[in-house]
Amino acid sequence: MRTINLSKKLPCLSLLALLTGLILCPLITVFAKAVIIDGRLDLYQAWQTIASSENVQTVCNSLLLGVCVVLCSTVIAVPTAYLLARTQLKKHSWLDIIFMIPFMTPPYIASMGWILFMQKKGLFQQLFPATGSWSEGFFCFGGLVLVMSLHVFPFLMTMLKNAMLNIPASLEESGAVFGAGLGLRLRKIFAPLLTGNYAIGALLVFVKTLSEYGTPYTLGRRIGFYVFTTDIHRYSTTAPIDFGRSASLSSILVCICMAMWLMQNYITNKTSYRLVSGKGSRPAQTKLSAVGQTGAWLWVILVVLIAIGVPYFSIISTSLIKLRGYGLAAGNFTLDHYKELLTTPKALSSIWKSLFLAVSSATICSVIGTAVVAAVRRSRGFFKKALEGVSLLPEMLPSIVLVIGIMLFWNAIYKVIPLYNTIGIMVLAYVVLYLPYTVQYVTSAFTQINNNLLQAGRVFGGTPAYVFRRVTLPMISRGIFAGWMMIFIIAFRELVTASLIAPPNTLVVSTYINREFEQGSVSLGMAMAVLCVLITTTALLVFNRVIGKQKGA
């Protein structure tokens, strides 16, 4: 009996050991590096590092930026969500796709687009020369907040929109029957029902802001505003390298993010309302007048213009400019930059390396993630919770912290496993960072399978392996493919991992764009950015077409 129980637990134990080595060991190494100085425990030294004026300023900058981005995202997301959920604009489902474009755009590329548009003698001044140097005022803390908010507001908007759609009209109508005006109903009924969802979205935006590297690196560094991620990166890559400081800041960042997740769970549990029941209900709708509809469309156009129009106009037009000194002048446009990308060995190599990393990491994540979900569903008690918790842990942690941990851990065991400083360490890092995507998508697919189907397969003599191969796998394949595609898109354009642990002279798409931008070959870098967006967008369209055919079949 013990042998049978052990054989059942063996897959779960093996996966738990694998994830411990991939995720927990690097994370523990970060904390150990922060408090172990010269081979001995030294909490005082770690505290001195954290309490230094420079690091305290970094912490304050990061928290201030997070709060301001949440507020700015709220200003953009709340009216947009209301218009898409409660007015005549609701019928235009294509707007949902449009508003997801900022999320699908790599933040460092969007940031570069804003820099090119607003800088001295930039595109804005070329289009509106009478404004003088007005656009250069963009390079301040407010500009950084705006650019970061434009990237993350779709998270908050989508969450609030879905919550608004679930609020039945009967609740507000009841308030109106008892004499409550519009303002009172919004304050006493509408707002409280959205509190839990808003808390989830706001804290998600806050954590993503603290964890973001691309925009603070490209725009924040330009204005002298340093945050957690830029300082962690600087201490780890710029001489004199100080992994102790990097680990200390990483530890603070982890603690803040975990505290935010705990706060989110507390607020959600306290302010959640069950609005969807077995009874039928209809969503409330505000019928806008002609003037109201005009105002609504003007708001939507304004958000689309600043969130999508400005960065994409800058990126595309810059990639086509022949000589930057002439700017947007007739006859100063060319496709030569794209031809150079497709004929230069370094550019082609960076594209192929990005494709290799994206495909290999997405495939490995799909295999490990599917195995994890299958093991979790067969397990009970401690092993189930431990395996599920460890597999989802990277989602709750800033990616730069895990990358620093991977650097420290795999460098320490280099003599045993010489993986560090190879392309393999990049694949491993991507697998660690993006494994939660597969776990979540496959878990969602599993929940839609009726256990009676699996039991029927066993009743008719199928072994567990046969039932999984012939029954379970075909039914969860859509979830696996969705997770694979999401990882492919994100890994193809990833910046922080590539900039930290790529082997010498190894360029991928993101580092190629960043290098060309910093070295002054801006048009070439933006041409690569356009190709990056085209490749990921094409992959997404192919995925949607394949999924559509599967549904039709």
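What's counted below: heavy atoms across the whole structure, side chains too, no hydrogens, waters or symmetry copies.
- Side chains of Gln125 and Gln119: no donor on one and acceptor on the other come within 3.5 Å.
- Side-chain contact between Leu210 and Pro398: absent, with no pair of heavy atoms (C-beta onward) separated by less than 4.5 Å.
- Listed for the Ser354 side chain is a donor-acceptor partner under 3.5 Å among the backbone atoms of Val509.
- Of the possible polar contacts, one joining the Ser236 side chain to the Ile232 backbone as a donor-acceptor pair under 3.5 Å is found.
- Residues Gln126 and Leu328 come closest through the heavy atom pair OE1-N, 2.7 Å.
- Nearest heavy-atom pair across Cys365 and Tyr430 is SG-O, 4.3 Å.
- Remark: Val207 engages Ser211, Cys257, Met260, Trp261 in a side-chain contact (heavy atoms from CB on, under 4.5 Å) (not counting sequence neighbours).
- Proximity of Phe153 to Val303: side-chain heavy atoms (C-beta onward) are separated by under 4.5 Å at one or more points.
- Thr497 pairs by the side-chain hydrogen bond (donor to acceptor under 3.5 Å, both in side chains) definition with Glu494, not counting sequence neighbours.
- Ring centroid separation for the pair Trp352 and Phe356 does not come in under the 6.0 Å cut-off.
- Panel note: side chain Thr218, backbone Gly214; a donor-acceptor pair is recorded below 3.5 Å.
- A distance-only check finds no donor-acceptor pair linking the side chain of Asn61 to the backbone of Val227 [under 3.5 Å].
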Practice task
Let me see the working for Val300 and Val304 under side chain to side chain contact (heavy atoms under 4.5 Å, CB included), right down to the final yes or no.
Solution key: CA-CA 6 Å; Val300 168; Val304 170; 4.3 Å; yes
Practice task
Would you please test Ser62 and Tyr226 for side-chain hydrogen bond (donor to acceptor under 3.5 Å, both in side chains) and show each step?
Solution key: CA-CA 8 Å; Ser62 298; Tyr226 296 98; over 6 Å; no
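- In this structure, the side chains of Thr131 and Ser135 stay at 4.5 Å or more apart for every pair of heavy atoms.
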Name the atoms and distances for all side-chain donor-acceptor pairs under 3.5 Å in residues 519-535, with sequence neighbours left out.
unit_1: Ser521; atom_1: OG; unit_2: Glu516; atom_2: OE1; d: 3.4
unit_1: Ser523; atom_1: OG; unit_2: Thr318; atom_2: O; d: 2.9

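- In this structure the side chain of Ile308 reaches within 4.5 angstrom of the side chain of Pro102, judged on heavy atoms.
- One distance of note links CD1 of Ile252 with OG1 of Thr58; it measures 9.0 Å at 0.5 Å rounding.
- Annotation: the span from Ile223 atom CD1 to Ile115 atom CD1 amounts to 9.5 Å, rounded to 0.5 Å.
- The main-chain N or O of Leu323 is found under 3.5 Å from a side-chain atom of Asn332 such that the two form a donor-acceptor pair.
- Ring pair Tyr217/Tyr108: centre-to-centre distance not below 6.0 Å.
- Side chains of Phe228 and Val401 form no contact here, defined as non-hydrogen atoms less than 4.5 Å apart.
- Judged by distance alone, the side chains of Thr438 and Trp484 never bring a donor and an acceptor atom under 3.5 Å apart.
- To the nearest 0.5 Å, atom CG of residue Leu253 and atom CG of residue Asp231 are 11.5 Å apart.
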Practice task
List the steps, then state whether side chain to side chain contact (heavy atoms under 4.5 Å, CB included) holds for Tyr437 with Ile490.
Solution key: CA-CA 11 Å; Tyr437 287 101; Ile490 298 175; 3.4 Å; yes
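- In plain terms, the two heavy atoms of Val70 and Ala202 that are nearest each other are CG2-O, 3.5 Å.
- Contacts of Asn514 classified as side-chain hydrogen bond (donor to acceptor under 3.5 Å, both in side chains), with partners at least two apart in sequence or in another chain: none.
- Judged by distance alone, the side chain of Ser499 and the main-chain N or O of Val496 form a donor-acceptor pair under 3.5 Å.
- Put simply, the side chain of His151 does not reach to within 4.5 Å of the side chain of Thr105, judged on heavy atoms.
- At a threshold of 4.5 Å between non-hydrogen side-chain atoms, the residues Phe141 and Val145 count as touching.
- Remark: Ile315 CD1 to Ile513 CD1 distance equals 8.5 Å, nearest 0.5 Å.
- Considering every non-hydrogen atom in both Met100 and Thr158, the closest pair reads SD-OG1, 4.0 Å.
- With hydrogens and angles disregarded, no donor-acceptor distance shorter than 3.5 Å links the side chain of Glu136 to the backbone of Lys120.
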Practice task
Any chance you could lay out the side chain to side chain contact (heavy atoms under 4.5 Å, CB included) test for Phe517 and Ile109, step after step, and finish with the verdict?
Solution key: CA-CA 10 Å; Phe517 187 80; Ile109 291 179; over 6 Å; no
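- Atoms CG and CG, on Leu500 and Leu495 in that order, are 9.0 Å from each other to the nearest 0.5 Å.
- Across all their heavy atoms, Phe99 and Met157 have their closest contact at CB-CE, 3.8 Å.
- For the ring pair (Phe, Tyr, Trp, His ring centres under 6.0 Å) condition, the pairs that include at least one residue of residues 295-316, sequence neighbours left out, are His92-Trp297.
- The shortest non-hydrogen separation linking Val205 to Ser73 is CG1-OG, 3.9 Å.
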Practice task
Please lay out, stage by stage, how Ser250 and Ile400 fare under the test side chain to side chain contact (heavy atoms under 4.5 Å, CB included).
Solution key: CA-CA 8 Å; Ser250 298; Ile400 194 168; 5.8 Å; no
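- Note: Leu433 CG to Glu395 CD = 12.0 Å, rounded to the nearest 0.5 Å.
- Relative orientation of the Phe124 and Trp134 rings is tilted, given thresholds of 30° and 60° on the angle between their planes.
- For residues 210-227, the pairs satisfying salt bridge (Lys or Arg N to Asp or Glu O under 4.0 Å) are Arg221-Glu518, with sequence neighbours left out.
- With a 4.5 Å cut-off on side-chain heavy atoms, Leu83 and Gln88 do not count as touching.
- Between Trp114 and Phe117, the ring planes are perpendicular. Angles over 60° get that label, and only those under 30° would be called parallel.
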